Amino acid sequence: MGISYFNTLTRTVEPFQPLDTEGRRVSLYTCGPTVYNHAHIGNFRAYVFEDLLQRHLEFRGYAVNRVMNLTDVDDKTIRGCRAAGVPLAEFTQPFKKAFFEDLETLRIKKPQHFPEATAANHIERMITMISTLIERGHAYQAEDGSVYFRIRSFPTYGALAHLNLDELRPSGRVASDEYEKENIGDFALWKTWTEADGDVGWDSPWGRGRPGWHIECSAMATGILGPEIDIHCGGEDNIFPHHEAEIAQSECVTGRRFVRLWMHCKHLLVDNQKMSKSLGNFYTLRDLLGKGWTGREVRYVLLSVKYREPLNFTFDGLAAARTALHRLDEWSRRLDEGAGPSAEPLPEDLGLERFGAALDDDLNVSAALGAVFETIRETNKRLDAGTLSPGQIRSLANWRDSIHTVLRLEPEETPIPAEVQSLLDARAAARAAKNWAESDRLREAITALGWTVKDTKEGQKVSPAT
RNA sequence: GGCGGGGUAGCCAAGUGGUAAGGCCGGGCUCUGCAAAAGCCCCAUGCGUCGGUUCGAUUCCGUCCCCCGCCUCCA
């Protein structure tokens, strides 16, 4: 059975069929952050979903070539740099750096390409694309100097979002000063320079200005991955207008089908409400780390719900994630302790294939995790009963390693400090001599150093105090 | 107004036209110098409401009630 994913365009789960059927290569474009502040956990839900997608494809033997763009020029970044009184690049740089750190914290695999919208070659490509669109009648320069895409020239505009453009309700978010446009729905390809832009701007055939948001992605996507892309992802709010616009621009330039498969993840809610600063339920990853939660725990929460379902983020959920991970860790430790050097075949009734099968079914990670925990319970029973050989335990450990190439939920490796280790050695000796008073004293000494020691059947076990 | 998603045990969350995965919490047992941990077992006659189709519905159809998202630069 092959892989199937839900396609936003067709609204059906379809068998996955990349352009390159023989080479097993997949091109993946994912909309990245606008670097005007620290990304919040809602943003990271999308990036974790995309990470799961990439790792699942790799688990199934595909080589994924992924692009994640960085939007480093737009209204917010310009506003930010002007408020800070620094050049644009200087303003966005720390947020770019922070973003990469956050990706690492969440164990998100780094895409091969991180194009920046302001890079000279990309700006150049955007200008070229806009010129082509104007030549072909898909775009026009309005009285205000800006260049707009003529949506009437692209009959399928609205197909991705399944919007009937004639029935659109005017919303308050449409800037009232955009009366120069032929159609209210025409979107900016090139925004002419205004006072508010300060020293941000590039020269173009249409005067000084800056690119619109949508053309950035079209230029970087087709520039790096070519005219046809296998998968394009983003948050559900990107469907319209952003991805709709990308399709229109790209296809009018290349004459090819821009994207074969569109995948979007649902929003994250906090306490069943949309995250917002005014509600006090707005969190960046850094906020959570500051509260003592780990990147792995946050990853678990963001990962554990199917991407097409709304995810309700709560601190109870984070606490549940911590305990669940602990169960995973204990099982993992038992495997390492019991594993022999060479693998032996496992009993077939463990159903290990269910993990991959669940993911093949439109990334049903909840079912996949359910299968993992069922395996944990079943193998724990057999470990208790001693019915697994060291070679079979090795096979289970290998299986565990393989699922972690997708889940990336393995424990943090925290080396035991020498000071703690010497106390542990002394305590082991005291316990062997049944000197309980000394044992308790040493336990307290270890606790004072920030570690927790527990006495198990296999001896002392130490872990960092949480 | 248009389009779409969701309501499953105390919490989170899979799933199926044939009688409810998994995680957390809770209870029990085992192990145990103490403390703790861990492992195992138990924990929804029920799947928002009211109807319909069916031998049989949580699953299909319709009604109604809630919650959430998009509708022109928010992941």
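Computed from a predicted model, the values in this text were never measured in an experiment. Below, chains carry the letters A, B, ... as their sequence lines are ordered, and counting in each starts from 1. Just so you know, these numbers use all the heavy atoms, side chains as well, and skip hydrogens, waters and symmetry mates.
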Could you give the distance separating [M] and [N] at their [atom1] atoms, to the nearest angstrom?
N	M	atom1	answer
B:U45	B:G6	C1'	25 Å
B:G56	B:C70	C1'	39 Å
B:G23	B:C65	C1'	30 Å
B:G26	B:G51	P	39 Å
B:C66	B:U49	C1'	10 Å
B:A37	B:G28	P	15 Å
B:U54	B:U59	C1'	13 Å
B:A13	B:C64	P	27 Å

For atom [atom1] of [X] and atom [atom2] of [N], their distance in whole Å:
X	N	atom1	atom2	result
A:Asp329	B:G23	CG	P	15 Å
A:Leu359	B:A14	CG	C1'	13 Å
A:Asn69	B:A75	CG	P	11 Å
A:Leu302	B:C12	CG	P	17 Å
A:Leu160	B:C71	CG	P	13 Å
A:Met275	B:C74	CE	P	14 Å

Counting any heavy atom closer than 4.0 Å, what does [X] reach on the DNA or RNA strands: base, sugar-phosphate only, or nothing?
X	answer
A:Lys434	nothing
A:Asp75	nothing
A:Glu309	sugar-phosphate
A:Asp237	base
A:Gly317	nothing
A:Phe187	nothing
A:His243	nothing
A:His242	nothing

Would you state whether a donor and an acceptor, one from the side chain of [X] and one from the base of [N], lie under 3.5 Å apart?
X	N	value
A:Asn312	B:G6	no
A:Asp455	B:C34	yes
A:Lys191	B:C73	yes
A:Arg443	B:C34	yes
A:Arg431	B:G33	yes

Could you please name the option among [options] that lies closest to any side-chain atom of [X]?
X	options	value
A:Arg11	B:G4, B:G22, B:A75	B:G4
A:Asn238	B:C24, B:A75, B:A37	B:A75
A:Asp440	B:G69, B:A21, B:C34	B:C34
A:Leu268	B:A75, B:C74, B:U72	B:A75
A:Lys454	B:G23, B:A37, B:G69	B:A37
A:Glu330	B:A75, B:G39, B:A13	B:G39
A:Glu374	B:A14, B:G22, B:C70	B:G22
A:His326	B:G39, B:A13, B:A38	B:A38

Checklist entry - Shortest non-hydrogen contact from A:Pro33 to A:Tyr47? => result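 The pair with the smallest heavy-atom distance is N-OH, 3.2 Å.
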Mind checking what makes salt bridge (charged side-chain N to carboxylate O under 4.0 Å, His left out) contact with [X], not counting sequence neighbours?
X	answer
A:Lys110	none
A:Asp237	none
A:Asp316	none

Next on the checklist: Checking salt bridge (Lys or Arg N to Asp or Glu O under 4.0 Å) between A:Asp329 and each of A:Lys461, A:Arg296, A:Arg400, which is the one that passes?
Outcome noted: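 The residue from A:Lys461, A:Arg296, A:Arg400 that satisfies salt bridge (Lys or Arg N to Asp or Glu O under 4.0 Å) with A:Asp329 turns out to be A:Arg296.
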Next on the checklist: Can you tell me which residue among A:Arg299, A:Arg107, A:Lys109 is in a salt bridge (Lys or Arg N to Asp or Glu O under 4.0 Å) with A:Asp51?
Outcome noted: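 That would be A:Arg299.
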Item to check | Contacts of type side-chain contact (heavy atoms from CB on, under 4.5 Å), residue A:Glu438, not counting sequence neighbours | outcome: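 With neighbours one apart ignored, the set is A:Ala430, A:Asn435, A:Arg441, A:Leu442.
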Checklist entry - Given A:His40 and A:Tyr283, is the ring-ring contact (aromatic ring centres under 6.0 Å, His included) satisfied, shown in steps? => result CA-CA 6 Å; A:His40 57 70; A:Tyr283 300 107; over 10 Å; no
Item to check | Salt-bridge contact A:Arg82-A:Glu195 (side-chain N to carboxylate O under 4.0 Å) | outcome: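 No salt bridge links A:Arg82 with A:Glu195.
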Item to check | Watson-Crick or G-U counterpart of B:G26, or none if no pair lies under 3.5 Å | outcome: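 Pair assignment: B:G26 / B:C42.
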Item to check | Complementary nucleotide of B:C70, counting Watson-Crick and G-U pairs under 3.5 Å | outcome: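 Paired with B:G2.
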side-chain N/O [X] vs [N] OP1/OP2, d < 4.0 Å:
X	N	value
A:Arg377	B:G22	yes
A:Arg327	B:G39	yes
A:Asn380	B:C40	yes
A:Lys381	B:C41	yes

Checklist entry - Going by ring centres under 5.5 Å and near-parallel planes (under 30°), is A:Trp436 stacked on B:G33? => result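 Answer is yes, a stack.
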Next on the checklist: Contact list please: residues 30-46 of chain A against RNA chain B, heavy atoms, distance less than 4.0 Å, in numerical order.
Outcome noted: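 Residues of residues 30-46 of chain A that come under 4.0 Å of RNA chain B are, in numerical order, A:His40, A:Gly42, A:Asn43, A:Ala46.
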Checklist entry - Is the backbone of A:Leu160 close enough, under 3.5 Å, to the side chain of A:Glu244 for a donor and an acceptor to pair up by distance? => result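 Present.
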Checklist entry - Taking only residues two or more places apart in sequence or in another chain, which ones pass side chain to side chain donor-acceptor pair (under 3.5 Å) with A:Thr375? => result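 In terms of side chain to side chain donor-acceptor pair (under 3.5 Å), with neighbours along the sequence ignored, A:Thr375 is linked to no residue.
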Checklist entry - Of A:Ser439 and A:Glu236, whose nearest nucleotide on RNA chain B comes first from the 5' end? => result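 Its nearest nucleotide being more 5', the pick is A:Ser439.
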Next on the checklist: Judged by each residue's nearest nucleotide on RNA chain B, which is more toward the 5′ side, A:His162 or A:Arg427?
Outcome noted: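 Looking at RNA chain B, the more 5' nearest nucleotide goes with A:His162.
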Next on the checklist: Using the rule ring pair (Phe, Tyr, Trp, His ring centres under 6.0 Å), only one of A:Phe240, A:Phe149, A:Tyr148, A:Phe154 pairs with A:Phe187; which is it?
Outcome noted: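 It is A:Phe149; the other options fail the test.
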